[in-house]
Amino acid sequence: MPRLRPQLGCRVLLFAALAWTLLASAASIPRYSVVSRYNPVRNASSSSTPMQVGNGFFAFGADVTGLQTFLPWATMSDWGWKNDSLPAGVTEEDILDYRGVVWDGVQYEFGGPASAQQWLIANPNRANLGRVGLLFKDAGGEVMNVTEADLSDVEQRLGLWTGTITSSFTVDGQRVTVETFTAQSSSAVAFAIYSDLLAEGRLGLFLDFPWNDGSQKFQAPFVGYWNETANHTTELDTGSGLGANVQASINHTEVAATVFTSIGGGSPFSISRDTPSAHRYSVFPSEVSTLFSTVFSYSLLPSAALPTVTEVAEESVTAWGEYWSSNGFIDVYTGSTDPRADELQRRIILSRYLMRVNEAGHTPPQESGLVNTGWYGKFHMEMIFWHSCHWALWNNWDLLNRSIDVYNRFLQTSIERAQVQEGYTYGARWSKMTDPSGRSAPGEINELLIWEQPHPLVFAEYEFRATGSQETLERWRDVVYETADFMAAYAWLNESTGVYDLGPPMYVVSEDTSPNVTRNPAFELSYWRLGLEIAQTWMERLGEEPPAVWSEVADNLAPLPVENGLYAVYEGIEANFWTDPTYTNSHPALVGLYGWLPATANVSVDMAINTAEKVWTTWNVSNLWGWDFPMLAMSAARMGNQETAIEWLLNPYFEFDDVGMPGGGAQVPTPYFPGSGGLLYAVAMMAAGWDSRTEQAPGFPSNGWKVRTENIARAM
Ligand SMILES: *[C@@H]1O[C@H](CO)[C@@H](O)[C@H](O)[C@H]1NC(C)=O
Ligand SMILES: *[C@@H]1O[C@H](CO)[C@@H](O)[C@H](O)[C@H]1NC(C)=O
Ligand SMILES: *[C@@H]1O[C@H](CO)[C@@H](O)[C@H](O)[C@H]1NC(C)=O
Ligand SMILES: *[C@@H]1O[C@H](CO)[C@@H](O)[C@H](O)[C@H]1NC(C)=O
Ligand SMILES: *[C@@H]1O[C@H](CO)[C@@H](O)[C@H](O)[C@H]1NC(C)=O
Ligand SMILES: *[C@@H]1O[C@H](CO)[C@@H](O)[C@H](O)[C@H]1NC(C)=O
Ligand SMILES: *[C@@H]1O[C@H](CO)[C@@H](O)[C@H](O)[C@H]1NC(C)=O
Ligand SMILES: *[C@@H]1O[C@H](CO)[C@@H](O)[C@H](O)[C@H]1NC(C)=O
Ligand SMILES: *[C@@H]1O[C@H](CO)[C@@H](O)[C@H](O)[C@H]1NC(C)=O
Ligand SMILES: *[C@@H]1O[C@H](CO)[C@@H](O)[C@H](O)[C@H]1NC(C)=O
Ligand SMILES: *[C@@H]1O[C@H](CO)[C@@H](O)[C@H](O)[C@H]1NC(C)=O
């Protein structure tokens, strides 16, 4: 906080200091100073990313005023979704009865009636819950059209340790300071505004609500349509029937979805709707004071009670203080002489912050977290590893546990997908592009991708490593069993070779090969082996006999495809694929054979290393994005090339902006958070080691780097 402020400012500051003093003493890494060193500072809004506060399932994106005054950054959640109306000519039955094509006797969900398919892809879509900005009046009481160019002496700072943005500026000769922070147990954001303009009745808030729909796959940098005011409704309620601390409630209805915005818990105010036809409202303090503070809470039902501003501040300070003080921590900065250590540490700290703001909800995160929408706001089950597995290594089971139960929640529909829809004799097939109901978005790639399948086995294994408990074994038992059962059912015995093949049809990790000819891809074969081994061990730990078919398949999977002494993407791929841009412009999963994955049976480490080195010189690095760089770093680290591992983590194409938002590169909008999750997983592995390298920091060069870890778990 830049300066001491009446009442609230003091309290926030006091709590911050207290939390730090109490908790920091237990740790030997000076965590508070390492974290605070990277507090982002801005003096102007960014046109590409907001500064954010949040709690993992709800986040608020701010411009340089600490609100959404000049730029409509999103307020988003893991629960705020809507369905568009059905397109003309499409009925509820068409949606319920939607079936795609049958290929070789298997029913897939793609193709079929185009409008029903597109509706199912785009719905439900994730909604931007609303916008809140500052509203200025001149001395005569007229609303002023203030733009960012009218501000001077602008200072904005994100206090990572308390999860608080403090923004100050001068407008019309008067200083304004705004503190912005969120609740940690509910979807509420609080603002404390300090200015003499308030006492003069010249400063208030506006709120506005966008129309959201699924007409665009990506909505970045901003989400929603502010001019389609006739497509949706809002209504204001200031009556006596509102919940405790609620002074005003606005319901916002888009087709059949209604979200309630409850305002209160702080200073008294008056609120009015600007025009009946639009959804903009004005809020002004109703008492003369230089402080105006209030809470905005968003929910699917009318709020029964709002927290007070002070309670929200306490939650923010306490939860963030605990987050930074307990759980895993890595310090590569203190004591390192390599000049790159500072930037790597900055990426680590800001990624830790943004993962907890954007990617700790009750469903797996979308690629852009809660910043903007991609793929209609849906999430991808194959990306869970990159978004969320770092939580396991950093010992944040409290946060990972919010969403990882998704495998139990989606188990029944995944069994139905495998056995009823696709006709496999046993097992559960996990979907790819998904929404909170577990429904798979139709699509050829969505239906034919397979590398999402072993992921739950890895999460289960990491949890068992952390707890060693019978409870963990039992809670994951059905997921492990059905996952592995499908893997065994999916691999089919090729009578002419006597081995079990994967595909066709299938898509590989890089989604760039032709599914009808893709057979026995190297990465997926290795991941199948690893997964089936984990599953067999799991059953043995439970005292159950694993089904014989699991080991039958695992031991007799097709050999990894080899061309000219190197591993090939899949069996039968053109021998010159190394120089064909069709195959060298997307995720280089071949480097995952020894790096991301431990050496599995049947992988020659020498050949895997030679293959990775060939990838380094042939793949189009300028076209890689996100988790590709951590995957490349993990490969270099495991093969003992620590210098190259560092270079991949700091590659110029792997960008993190001033607030730590990871760039989407040439491929996707910014932010692309699998890059942050991947970075944290890779750094943890490099710092705390992996099963076959248990000494300290085996992934870091021995010269120039001092690496300290606390409470980081070893990778596989
Ligand atoms: C804002 O900060 C940048 C980078 O530190 C600096 O170059 C610029 O002069 C500052 N602008 C203002 C208006 O203070
Ligand atoms: C959207 O419609 C589906 C049925 O097609 C339903 O299961 C789901 O709950 C709806 N979601 C919302 C947010 O209305
Ligand atoms: C792939 O195979 C399916 C099923 O045999 C067929 O319908 C489809 O046309 C094939 N696609 C291509 C591109 O050959
Ligand atoms: C506010 O001022 C800006 C910059 O001068 C201008 O582009 C914009 O149209 C104005 N808006 C209104 C509502 O007058
Ligand atoms: C809203 O703005 C978009 C983009 O500028 C435009 O295409 C659309 O027609 C506008 N809608 C209305 C109702 O004015
Ligand atoms: C708003 O509704 C109208 C008619 O209902 C529709 O034509 C238009 O596409 C909608 N706007 C958006 C942005 O979906
Ligand atoms: C929205 O609020 C208005 C006014 O309180 C009320 O009449 C209406 O029923 C509410 N609609 C919903 C969907 O809650
Ligand atoms: C995750 O949550 C479950 C359920 O609350 C708990 O039993 C389990 O121990 C947690 N896992 C870890 C590693 O703490
Ligand atoms: C069995 O495997 C061989 C070698 O991979 C392949 O050429 C053949 O097409 C496979 N059989 C079938 C029925 O796909
Ligand atoms: C793969 O490794 C397993 C276990 O060591 C072995 O039984 C099997 O023969 C190997 N398969 C191939 C194709 O090398
Ligand atoms: C490499 O990637 C860049 C960036 O997307 C692209 O413009 C270029 O065409 C690619 N080069 C090749 C040989 O594919």
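Along the sequence shown, residues are numbered consecutively beginning with 1. None of the values given here were measured: they were computed from a predicted structure. Counting convention: from 1, in listed order, for ligands and their atoms alike.
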Nearest protein heavy atom with distance in Å, relative to [atom]:
atom: atom 9 (O) of ligand 11; result: Asn620 ND2, 4.7 Å
atom: atom 4 (C) of ligand 3; result: Trp103 CG, 3.4 Å
atom: atom 12 (C) of ligand 3; result: Asn516 ND2, 3.2 Å
atom: atom 5 (O) of ligand 11; result: Asn623 OD1, 2.7 Å

Only pairs under 3.5 Å count here: list side-chain donor-acceptor contacts from residues 371-378, not counting sequence neighbours, and write none if there are none.
from, atom 1, to, atom 2, distance (Å)
Asn372, OD1, Ser368, OG, 3.2
Asn372, ND2, Thr670, O, 3.1
Tyr376, OH, Gln118, NE2, 3.2
Lys378, NZ, Leu120, O, 3.0
Lys378, NZ, Ile121, O, 2.9
Lys378, NZ, Asn123, O, 2.9

Using atom types as modelled and distance alone, determine if a side-chain donor or acceptor of Arg429 lies under 3.5 Å from a backbone N or O of Glu447.
yes
Is there a donor-acceptor contact under 3.5 Å from the side chain of Asn446 to the main chain of Ala441?
yes
Atom indices of ligand 11, in the order listed, that fall short of 4.0 Å to a heavy atom of Pro581
14 (O)
For ligand 11, which atoms have a heavy atom of Ser622 less than 4.0 angstrom away?
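Those atoms are 1 (C), 2 (O), 3 (C), 4 (C).
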For [X] and [Y], does a side-chain donor sit closer than 3.5 Å to a side-chain acceptor?
X: Gln453; Y: Tyr527; answer: no
X: Ser514; Y: Asn516; answer: no
X: Tyr672; Y: Trp627; answer: yes
X: Glu511; Y: Ser586; answer: no

Can you name the atoms of ligand 3, numbered from 1 with element, that are less than 4.0 Å from a heavy atom of Asp104?
5 (O)
Near Pro559, which atoms of ligand 10 are under 4.0 Å from a heavy atom of that residue?
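Those atoms are 13 (C).
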Could you tell me which atoms of ligand 10, counted from 1 in the order shown, lie closer than 4.0 angstrom to a heavy atom of Asp555?
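The list of qualifying atoms is 8 (C).
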Salt bridge or not between Lys217 and Glu367? Use side-chain N to carboxylate O under 4.0 Å.
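So Lys217 does not pair with Glu367 through a salt bridge.
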For ligand 11, which part of Asn585 has a heavy atom less than 4.0 Å away: the side chain, the backbone, both, or neither?
side chain
Sub-4.0 Å protein heavy atom next to [atom]:
atom: atom 14 (O) of ligand 3; result: yes
atom: atom 2 (O) of ligand 11; result: yes
atom: atom 7 (O) of ligand 11; result: no

Search all heavy atoms of Trp625 against all heavy atoms of Val668 and return the closest pair with its distance.
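Heavy-atom minimum between the residues: CD1-CG2, 3.6 Å.
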